[in-house]
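Single-structure report; data block below.
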Amino acid sequence: MRCQPVCPPHSPTDLSEVLAAGTKEVHEKAENTQFVKDFLRGRIRKELFKLGDVALYYTYEAMEEEIERNKDHPDFSPLYFPELNRRDALSRDLDYFYGEDWRERVSCSPATQRYVERIHQVGQKEPVLLVAHAYTRYMGDLSGGQVLKKVAQRALKLPSTGEGVYFYQFDGIHSAKAFKQLYRSRMNELELDMATKDRLVAEAVLAFQFNMEVFDELEEMGKDIQEEVMDAGMPVHGAHGTGGDINKCPYYAAQMAASGGSAYVGQLAMAVLRHPTGQVLFAAWVAALAGLAAWYFM
């Protein structure tokens with residue numbers, strides 16, 4: 001009896017696949033922090049949302065400063081896309097929330113400062129590692145941004161004209177899906193050896209950890225904020241007691257529909273409509289289904 005050779009498991013070599021595989025576990029941890037789960041439920045306190053925007057502003061200010069510094073560096077130049085820049089959009093959001101003198105009223109928190117310092121360190125000393133930080137932030141923004149924008153607008157009763165959520169609007173990008181494909185292809189064209197790719201995975205994991213530290217810090221800050229919680233969300237994927245039940249968790253239904261289960265599309269609609277706020281949010285969730293699923297499968 002001849003023994004059939006056993007093929008070794010496939011190991012990705014493209015940088016985009018290496019990063020996706022190497023950050024899968026920490027990505028899931030980041031999505032399951034209390035701050036993110038509350039956001040997805042639409043349970044948002046306005047003051048905490050504003051502080052989150054402050055943290056994002058300092059993060060993107062640092063990252064885009066270093067990206068501009070390294071726009072001609074061979075290890076980063078293929079990923080230089082000014083249309084991704086978020087600093088100015090965040091500045092407009094902070095102007096809306098705090099007024100024109102917002103720079104005098106806010107400061108960089110300790111957790112955000114540690115994140116900022118690491119971004120400057122890699123930008124000035126090891127520009128190739130800047131790829132990990134850009135990948136972690138921008139791909140997430142493009143994947144889930146439209147869903148989060150709708151949740152924030154509904155929960156915080158923000159104007160439909162975009163004030164307060166400019167961060168989530170990419171005016172220079174007409175198709176997030178096509179742009180993400182382009183970005184990943186550019187990443188894969190970088191001439192990097194496997195050792196450097198492994199270092200980029202480690203740096204991307206570190207970037208996720210910095211983000212989780214900021215989330216945890218915001219959660220602690222929230223304990224001192226006495227404010228009515230706005231609630232306009234949905235049960236989150238993996239929430240306690242759903243057990244993957246599409247009738248209880250619309251996120252699970254969205255994930256299954258995106259992975260090829262056409263029957264789940266109708267069940268998603270029914271799951272959303274059973275929720276008390278589902279009737280008013282149904283149109284927004286259906287329109288955002290592709291982006292939501294992409295966020296989970298980034």
Side-chain angles (χ1 to χ4, degrees), residues 5-33 36 59-60 62-86 114-145 170 173 175-215 258-259 293-298:
V6 178
C7 294
H10 169 70
S11 296
T13 56
D14 284 347
L15 179 58
S16 62
E17 293 184 11
V18 171
L19 279 169
T23 59
K24 184 176 185 295
E25 182 178 348
V26 71
H27 189 175
E28 291 173 354
K29 288 181 179 178
E31 288 176 353
N32 282 287
T33 59
V36 173
T59 300
Y60 281 94
M63 189 165 70
E64 288 164 10
E65 179 182 330
E66 296 306 331
I67 286 173
E68 193 65 27
R69 185 198 309 274
N70 291 285
K71 64 182 180 181
D72 296 321
H73 193 287
D75 288 337
F76 192 86
S77 59
L79 299 178
Y80 181 67
F81 292 101
E83 58 265 46
L84 284 172
N85 288 356
R86 298 290 85 202
R114 290 190 292 271
Y115 193 3
V116 164
E117 288 172 358
R118 179 58 183 174
I119 291 170
H120 282 310
Q121 182 181 19
V122 301
Q124 294 169 24
K125 296 183 178 180
E126 296 183 274
V128 68
L129 297 184
L130 196 59
V131 172
H133 291 275
Y135 162 83
T136 301
R137 290 293 342 166
Y138 290 131
M139 291 298 97
D141 298 336
L142 285 170
S143 295
F170 289 83
I173 297 175
S175 169
K177 180 180 179 181
F179 190 90
K180 287 189 294 181
Q181 290 174 341
L182 170 64
Y183 198 89
R184 290 188 179 105
S185 70
R186 291 285 187 90
M187 288 172 61
N188 296 336
E189 291 169 6
L190 293 173
E191 296 183 3
L192 307 173
D193 58 29
M194 202 60 209
T196 303
K197 291 177 183 179
D198 288 341
R199 291 177 62 220
L200 278 167
V201 169
E203 190 67 27
V205 169
L206 186 61
F208 273 108
Q209 290 172 342
F210 278 125
N211 278 285
M212 285 189 286
E213 288 178 11
V214 173
F215 294 152
S259 63
W295 188 33
Y296 278 100
F297 290 106
M298 184 177 78

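The NZ atom of Lys180 lies 12.0 Å from the OG atom of Ser16; values are rounded to the nearest 0.5 Å. To the nearest 0.5 Å, atoms CD (Glu64) and CD1 (Ile119) are separated by 10.0 Å. The CZ atom of Arg86 sits 14.0 Å away from atom OG1 of Thr59, with the distance rounded to the nearest 0.5 Å. Separating the NE2 atom in His120 from the CD atom in Glu66 is a distance of 5.5 Å, to the nearest 0.5 Å. Note that CG of Leu200 is 7.5 Å distant from CE of Met187, once rounded to the nearest 0.5 Å.
Counting all heavy atoms, side chain and backbone alike, Tyr183 lies closest to Ala134 at OH-CB, 3.3 Å. Contact detail for Ala204 and Ala132: the closest heavy-atom pair is N-CB, 3.6 Å. When every heavy atom of Thr136 is checked against every heavy atom of Ala207, the shortest pair comes out as OG1-CB, 3.9 Å.
Side chains of Asn188 and Ser185: a donor-acceptor N/O pair is absent below 3.5 angstrom, by distance only. Judged by distance alone, the side chains of Tyr80 and Asn70 never bring a donor and an acceptor atom under 3.5 Å apart.
Residues Arg118 and Glu203 have side chains in contact (heavy-atom distance under 4.5 Å, counting atoms from C-beta outward). The shortest side-chain heavy-atom distance between Leu84 and Leu142 falls under the 4.5 Å cut-off. For the pair Asp14/Arg184, no side-chain contact is recorded, criterion being any heavy-atom separation below 4.5 Å from C-beta on. Side-chain atoms of Val26 and Thr23, non-hydrogen and from C-beta on, do get closer than 4.5 Å to each other. Side-chain contact between His73 and Leu130: absent, with no pair of heavy atoms (C-beta onward) separated by less than 4.5 Å. In this structure, the side chains of Asp141 and Phe170 come closer than 4.5 Å at one or more pairs of heavy atoms. The shortest distance between side-chain heavy atoms of Arg137 and Tyr60 falls below 4.5 Å. Within the 4.5 Å cutoff, no side-chain heavy atoms of Leu129 are placed close to those of Phe76.
Summarising the local packing, CD of Glu191 is surrounded by 12 or fewer heavy atoms from other residues, nucleotides or ligands at distances under 6.0 Å. Few gaps surround CD on Gln209; more than 12 heavy atoms of other groups in view lie less than 6.0 Å from it.
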CA sep, side-chain torsions, deciding dist, call: Met194, Val18, side chain to side chain contact (heavy atoms under 4.5 Å, CB included): CA-CA 10 Å; Met194 202 60 209; Val18 171; 3.9 Å; yes
CA sep, side-chain torsions, deciding dist, call: Leu206, Tyr115, side chain to side chain contact (heavy atoms under 4.5 Å, CB included): CA-CA 9 Å; Leu206 186 61; Tyr115 193 3; over 6 Å; no
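Salt-bridge check for Lys24 with Glu28: passed, with a basic side-chain N closer than 4.0 Å to an acidic carboxylate O. Ion pair Arg114/Glu117 not flagged as a salt bridge, since none of the NZ, NE, NH1 or NH2 atoms sits closer than 4.0 Å to an Asp/Glu carboxylate oxygen.
Lys197 places a side-chain N or O within 3.5 Å of a backbone atom of Thr13 that can act as its donor or acceptor partner.
Residues Phe179 and Phe81 bring their aromatic ring centres within 6.0 Å.
Not counting sequence neighbours, Glu65 has no partner by the side-chain hydrogen bond (donor to acceptor under 3.5 Å, both in side chains) test.
For the side chain to side chain contact (heavy atoms under 4.5 Å, CB included) test with Val131, the passing option among Val122, Leu192, Leu190, Asp75 is Leu190; the others fail.
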